[in-house]
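Report on the structure given below.
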Amino acid sequence: MPELPEVETVVKSLQREICGQIIEKVLVTEEMIIGYPSDVEDFKARLKNKEILELRRRGKYIVIRLSANFLLIIHLRMTGQLLVKDRGADKEKHTHVIIEFKEGFDLRFNNVRKFGRMYLVTEEELEQAGGFTELGPEPLSANFDFAYFSGLTQKSRQKIKALLLDQRKIAGLGNIYTDEALYRSGIDPQRPANSLTSKEIKKLLKNIKKVLQAGIKYNGTTFSDYVNALGESGSFQEKLLVYGRKGESCNYCGCNISKDKVAGRSTHFCPECQS
DNA sequence: CGAGGTACCTGACAGC
DNA sequence: TGCTGTCAGGTACCTC
């Protein structure tokens, strides 16, 4: 479900609700959600009485900084939701973890497909494990610039779509925003990365940033599951030019938008503008 | 290194 | 109504 703009929106909405809260109790009804520590009782015990200090995003990860140097790191994968709920609210069918705050409300982790994960580590543990070094730069940061991106593309024969989806190279792009950025740049998703001209690289770089910023501005893209921490949908789906528009006409040339498998993912593109 | 496949899970939807 | 197959915003892991 969520890519960078959706995760960013969740973090922002959550920040306002849970900063400064103290954790009283944690309920875990689906143990596979807890990626670390391996003992769920440790997970629960470590969280007890910790204060929520700060929230941030790294790629598609949500990073919650807690007191005593702990970090609660969450990946929503396809269908994860983090929701602020009243203590008495009905537990939904796919609520797998509930973090109860002393003030009387909860943070609940819903996840239909159970792919999402929560990791509770100390700063030291994270560092020992190599931290987030496996993740590429943030696409909206100044580090993600022409020099970096052209170096990346020029030394790879990968299909450009596969490269954009590779979190070790760029952290945060997913299937929707990749298709949108490639379409807006007029680049065939199948092109080998090292076949892009310098002009195309510039254009793609600019459009990656633009499409992500627009996604954030419209609070993300909601097709089915994605909502922010208050249960509110995003609206960027209304601005999509190719994703989910198979058979509809291209805004520029009028021909039908196609959908094919590229790099193992369903890929939407205009066969005319992106040839 | 790159490509392609499988697996993890559940639900929605199309077609019969 | 119900069965079957396909697909889904992500990623890890395997083989060729």
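Just so you know, these numbers come straight off a predicted model, no measurement behind them. The sequence lines fix the lettering, A, B, ..., with proteins before strands; numbering per chain opens at 1.
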What is the distance from [atom1] of [X] to [atom2] of [N], rounded to the nearest Å?
| X | N | atom1 | atom2 | answer |
| --- | --- | --- | --- | --- |
| A:L4 | C:dG10 | CG | C1' | 14 Å |
| A:E6 | C:dG9 | CD | C1' | 7 Å |
| A:R157 | B:dG2 | CZ | P | 6 Å |
| A:E3 | C:dG10 | CD | P | 5 Å |
| A:Q190 | B:dG2 | CD | C1' | 14 Å |
| A:L164 | C:dG10 | CG | C1' | 16 Å |
| A:E31 | B:dC9 | CD | P | 14 Å |
| A:L76 | C:dG10 | CG | P | 11 Å |

Please confirm whether the shortest side-chain N or O distance from [X] to OP1 or OP2 of [N] is below 4.0 Å.
| X | N | answer |
| --- | --- | --- |
| A:K114 | C:dG10 | no |
| A:Y243 | C:dG9 | yes |
| A:S224 | C:dG9 | no |
| A:S156 | B:dG2 | yes |

Below 3.5 Å is the cut-off: list the nitrogen or oxygen pairs between protein and nucleotides 11-14 of chain C, distance only.
| residue | atom | partner | partner atom | Å |
| --- | --- | --- | --- | --- |
| C:dT11 | OP1 | A:H75 | NE2 | 2.8 |
| C:dT11 | OP2 | A:K60 | NZ | 2.8 |

Checklist entry - For DNA chain B, whose closest nucleotide is more 5', that of A:R168 or that of A:A263? => result A:R168
Next on the checklist: Regarding A:T222, tell me which of base, sugar-phosphate or nothing describes its non-hydrogen contacts under 4.0 Å with the strands shown.
Outcome noted: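 Touches a base.
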Next on the checklist: Can you check the distance between C:dG5 and B:dT6, where both ends of the measurement are the P atom (answer in whole Å)?
Outcome noted: 15 Å
Item to check | Distance, P atom - from B:dG5 to C:dT6, rounded to whole angstrom | outcome: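 Pairwise P distance, C:dT6 against B:dG5, rounds to 14 Å.
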Could you check whether any side-chain heavy atom of [X] comes within less than 4.5 Å of a side-chain heavy atom of [Y], counting everything from C-beta outward?
| X | Y | answer |
| --- | --- | --- |
| A:L66 | A:R46 | no |
| A:K12 | A:N228 | no |
| A:D179 | A:K161 | yes |

Next on the checklist: Of the listed nucleotides (C:dG9, C:dC7, B:dC9), which one gets closest to any side-chain atom of A:K259?
Outcome noted: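 Of C:dG9, C:dC7, B:dC9, C:dC7 is nearest to the side chain of A:K259.
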Next on the checklist: Let's see if you can work this out: which of B:dC9, B:dA3, C:dA8 has an atom nearest to the side-chain heavy atoms of A:K261?
Outcome noted: C:dA8
Next on the checklist: Run the side chain to side chain donor-acceptor pair (under 3.5 Å) test on A:E125 and A:Y119 for me, step by step, so that the C-alpha distance in whole Å, both residues' side-chain angles and the decisive distance to 0.1 Å come before the verdict.
Outcome noted: CA-CA 11 Å; A:E125 283 172 328; A:Y119 309 90; over 6 Å; no
Next on the checklist: Can you list everything that forms a side chain to side chain contact (heavy atoms under 4.5 Å, CB included) with A:L140? Sequence neighbours excluded, please.
Outcome noted: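 By the side chain to side chain contact (heavy atoms under 4.5 Å, CB included) rule, A:L140 matches A:L4, A:K209, A:L212, A:Q213, A:I216.
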Next on the checklist: Between the base of C:dG10 and the ring of A:F115 - centre-to-centre under 5.5 Å, planes within under 30° - is that a stack?
Outcome noted: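 By the stated criterion, A:F115 and C:dG10 stack.
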Next on the checklist: What stems show up for DNA chain C when you take Watson-Crick pairs (N1-N3 plus N6-O4 or O6-N4) and G-U wobbles (N1-O2, O6-N3), both under 3.5 Å, and require three or more consecutive pairs?
Outcome noted: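 DNA chain C forms these stems: B:2-8 with C:10-16, B:10-16 with C:2-8.
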Next on the checklist: Are A:Y177 and A:F236 an aromatic pair, judged by ring center distance below 6.0 Å?
Outcome noted: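 Distance test on ring centres: under 6.0 Å, yes.
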Less than 3.5 Å apart, which donor and acceptor atoms pair up between the side chains of residues 246-257 of chain A and the rest of the protein, not counting sequence neighbours?
| residue | atom | partner | partner atom | Å |
| --- | --- | --- | --- | --- |
| A:E248 | OE1 | A:R245 | NE | 2.9 |
| A:E248 | OE1 | A:R245 | NH2 | 3.3 |
| A:N251 | OD1 | A:R245 | NH1 | 3.4 |

Next on the checklist: Between the side chains of A:E138 and A:R56, is the shortest nitrogen-to-carboxylate-oxygen separation below 4.0 Å, so that they form an ion pair?
Outcome noted: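 Looking at A:R56 and A:E138, the cut-off is not met.
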Next on the checklist: What I want to find out is whether A:E200 reaches A:K203 closely enough, with some N-O distance under 4.0 Å, to be called a salt bridge.
Outcome noted: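 Salt bridge: no.
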Checklist entry - Do A:E31 side-chain atoms and A:T29 backbone N/O form a donor-acceptor pair below 3.5 Å? => result no
Checklist entry - Just by distance, with hydrogens left out, do A:E238 and A:Y218 show a side-chain donor and acceptor under 3.5 Å apart? => result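 Side chains of A:E238 and A:Y218: no pair found under 3.5 Å.
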Pair up each side-chain donor or acceptor in residues 96-115 of chain A with any protein partner under 3.5 Å, not counting sequence neighbours, and list the distances.
| residue | atom | partner | partner atom | Å |
| --- | --- | --- | --- | --- |
| A:H96 | NE2 | A:H94 | O | 3.4 |
| A:H96 | NE2 | A:N111 | O | 2.9 |
| A:K102 | NZ | A:N49 | OD1 | 3.1 |
| A:E103 | OE1 | A:Q21 | NE2 | 3.3 |
| A:D106 | OD1 | A:R87 | NE | 2.6 |
| A:D106 | OD1 | A:R87 | NH2 | 3.3 |
| A:D106 | OD2 | A:R108 | NE | 3.2 |
| A:D106 | OD2 | A:R108 | NH2 | 3.0 |
| A:R108 | NH1 | A:A89 | O | 3.2 |
| A:R108 | NH1 | A:D90 | O | 3.3 |
| A:R108 | NH2 | A:D86 | O | 3.1 |
| A:R108 | NH2 | A:R87 | O | 3.3 |
| A:R108 | NH2 | A:A89 | O | 3.2 |
| A:N110 | OD1 | A:T95 | OG1 | 2.7 |
| A:N111 | OD1 | A:G116 | N | 2.7 |
| A:N111 | ND2 | A:T79 | OG1 | 2.8 |
| A:K114 | NZ | A:E30 | OE1 | 3.1 |

Item to check | Verify same cluster id: A:L164, A:F144 (apolar side-chain graph, 4.5 Å) | outcome: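 Same cluster: A:L164 reaches A:F144 through Ile, Leu, Val, Met, Phe, Trp or Tyr contacts under 4.5 Å.
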Using a cutoff of under 3.5 Å, can you pull out all pairs of nitrogen or oxygen atoms linking the protein to nucleotides 11-14 of chain B, with atom names and distances?
| residue | atom | partner | partner atom | Å |
| --- | --- | --- | --- | --- |
| B:dG11 | OP1 | A:K93 | NZ | 2.6 |
| B:dG11 | OP1 | A:H94 | NE2 | 3.0 |

